[in-house]
Amino acid sequence: MFTMKLGYNTFVASILVSSFTGMAQTAPKPCGPVPNHRQLEWYDREMIAFFHFGINTFEDFVNEGDGRASTAIFNPTELDCNQWMKTLKSAGIPAAILTAKHADGFCLWPSRYTDYSVKNALWKDGKGDVVREFVYACEDNGIKAGIYLGPHDRHEHLNPYYSTESYMQYYADQLSELMTEYGKIWETWWDGAGADELTTPLYAVWYDIVRKNQPDCVIFGTKNSYPFADVRWMGNEAGRCGDPCWSTTDSIAIRDEAANYVGLNNGVKNGNAYIPAETDVSIRPSWFYHPEEDSQVKSVSELWDIYCSSVGHNSVLLINFPPDRRGLIHSLDSLNMSILRCGIDETFSKNILVGSTISATNLRGKDYSPYNLIDDDKSTYYAGKDGLVDADIIFKLPRKETFDCLMLQEVISLGHRTTKWCVEYSNDGKQWSVVPETASLQSIGNKWIVRFNPVEAKYVKLRILDGNATPALHSFGVYRQSKLLK
Ligand code: IPT
């Protein structure tokens, strides 16, 4: 009897809930192209370290070697990949990519298929293997290892018998070594620089090697390798992703890079392929280490700008720290990155909206409550009703607060949904002003950050103005930027 009564009450309660919320609380359906499992994992990294290291490091101001430098000169005096990992740990960077072979063709591992490698270096009497040391250091430090095997190879071009067919096999053999003999590889990088003669059918062969051996390996692809890309280039090496920056692009437009810098930088709204932008930028002017650039290491505030226009523009930041001739990361590079990390953590650890009373014009039901936006729980999110693409979400703060930064996150596994949004503030809940820097925002994606002159307010309104589907948002916050970042 008691059980029946409980069952009846539960039944009545659920009718009440669904009549309050208007419908059963099923999750919103995905909208348009959605990320695969590799892209979801990649977005979660936020930042990846790039290490440009090789024979160029031992020449005077060379960034693109011609393939003629003597292998003997490669001789780091104190190489210590664990020291590189310390920089990553203090900067909160969970993944790293090493240039196993840059355009000069010199191999940092003793490949069976060439003599142009560490085998013939002075370093460790030719017995060394930088790739091995790198992947071991990554494993020991819980860092995800990635490999850059430059498709363009100037040393191979010096061979009088060079042909793209023989090179196809050479590259395939080297890629197989790296994809099968060095443990788990989380990313591989197909640089488009100088690689125009390498056609899509060649990449198709190389793609099979990556996919067969490393199903979780994210592929950075450009130009002719685009059909296989998990992530795209974003059109510049200055760290500036576009506004908007859609994860979607158009599989036809992206092939022609020169004609499509805007398409790379902004992505394509409602594009038919999900290939988000990766932001490659160096902490120094050059990709390789040059002592004369020690005074030009990007400052903390420059790095914060880059973080905001990459991670904060729906991208992942691939930031280069070039090891020097000792084989170590320069202390200034490490220092600035760790201060950046402290500043980021200090800024985003205090969401000023926490403690607010929230109301919204578009409610799906309690499982998708707007309170989920400020709960710091990755598994919950706010969503609106199917068919209703706009929403005003109003936060009444416990007291007046000053803030100069905001962050919004969409549920990326459900695709790009919102296409127009802004943020307003008020002191009485009646007269509203728009934060000017948010007046024409479009994309959200994984993370969108906006900085502005400090405003003081008692109310904040997130306005979702248009979209392809009802909004699905993970988190929203307003913050005060840490002084460390200024
Ligand atoms: C540029 C390539 O053209 C592009 O495909 C991509 O690989 C990019 O490099 C990576 O930064 S070339 C560069 C000199 C702008």
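Remember, it's 1-based here, ligands and their atoms both numbered in the order they're listed. This structure is a prediction, so every number in the text was calculated from the model and none was measured.
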Query - With K447, the side-chain hydrogen bond (donor to acceptor under 3.5 Å, both in side chains) member among H474, E46, H313 - result: E46

Report summary line: Contacts satisfying salt bridge (Lys or Arg N to Asp or Glu O under 4.0 Å) that involve residues 407-417 (not counting sequence neighbours) are none

**Report entry** Closest approach of any protein heavy atom to atom 3 (O) of ligand 1, naming residue and atom
**Finding:** E257 OE2, 2.7 Å

**Report entry** Which segment of W190 sits under 4.0 Å of ligand 1 when only heavy atoms are counted
**Finding:** neither

Query raised in the report: Do NZ/NE/NH1/NH2 and the carboxylate oxygens of D216 and K144 come within less than 4.0 Å?
Result: no

Query raised in the report: Does some non-hydrogen atom of F50 fall short of 4.0 Å from ligand 1?
Result: no

Query raised in the report: Among protein heavy atoms, which sits nearest to atom 15 (C) of ligand 1, and what does the distance come to when rounded to 0.1 Å?
Result: E237 OE2, 3.5 Å

Query raised in the report: Got the closest protein heavy atom to atom 12 (S) of ligand 1, with its distance?
Result: A193 CB, 3.8 Å

Report summary line: re atom 8 (C) of ligand 1, the protein heavy-atom contact at minimum distance is W233 CE2, 3.3 Å

**Report entry** Element-labelled atoms of ligand 1 that are located less than 4.0 Å from some non-hydrogen atom of D191
**Finding:** 6 (C), 7 (O), 8 (C), 9 (O), 10 (C)

Query - Donor on one side chain, acceptor on other, H290 and N63, under 3.5 Å - result: yes

Query - Location of contacts on D280 toward ligand 1, heavy atoms closer than 4.0 Å - result: side chain

Requested in this report: Name all residues meeting the side chain to side chain contact (heavy atoms under 4.5 Å, CB included) criterion together with A193; count only those two or more places apart in sequence or in a different chain, and write none if there are none.
Outcome: D191

Requested in this report: Would you confirm whether the ring centroid of F50 sits within less than 6.0 angstrom of the ring centroid of W189?
Outcome: yes

Query - Check: Y182/D129 side-chain N/O donor and acceptor closer than 3.5 Å - result: yes

Query - Polar contact flag for T222 and ligand 1 (N/O pairs, less than 3.5 Å) - result: yes

Query raised in the report: G192 to ligand 1: N or O pair under 3.5 Å?
Result: yes

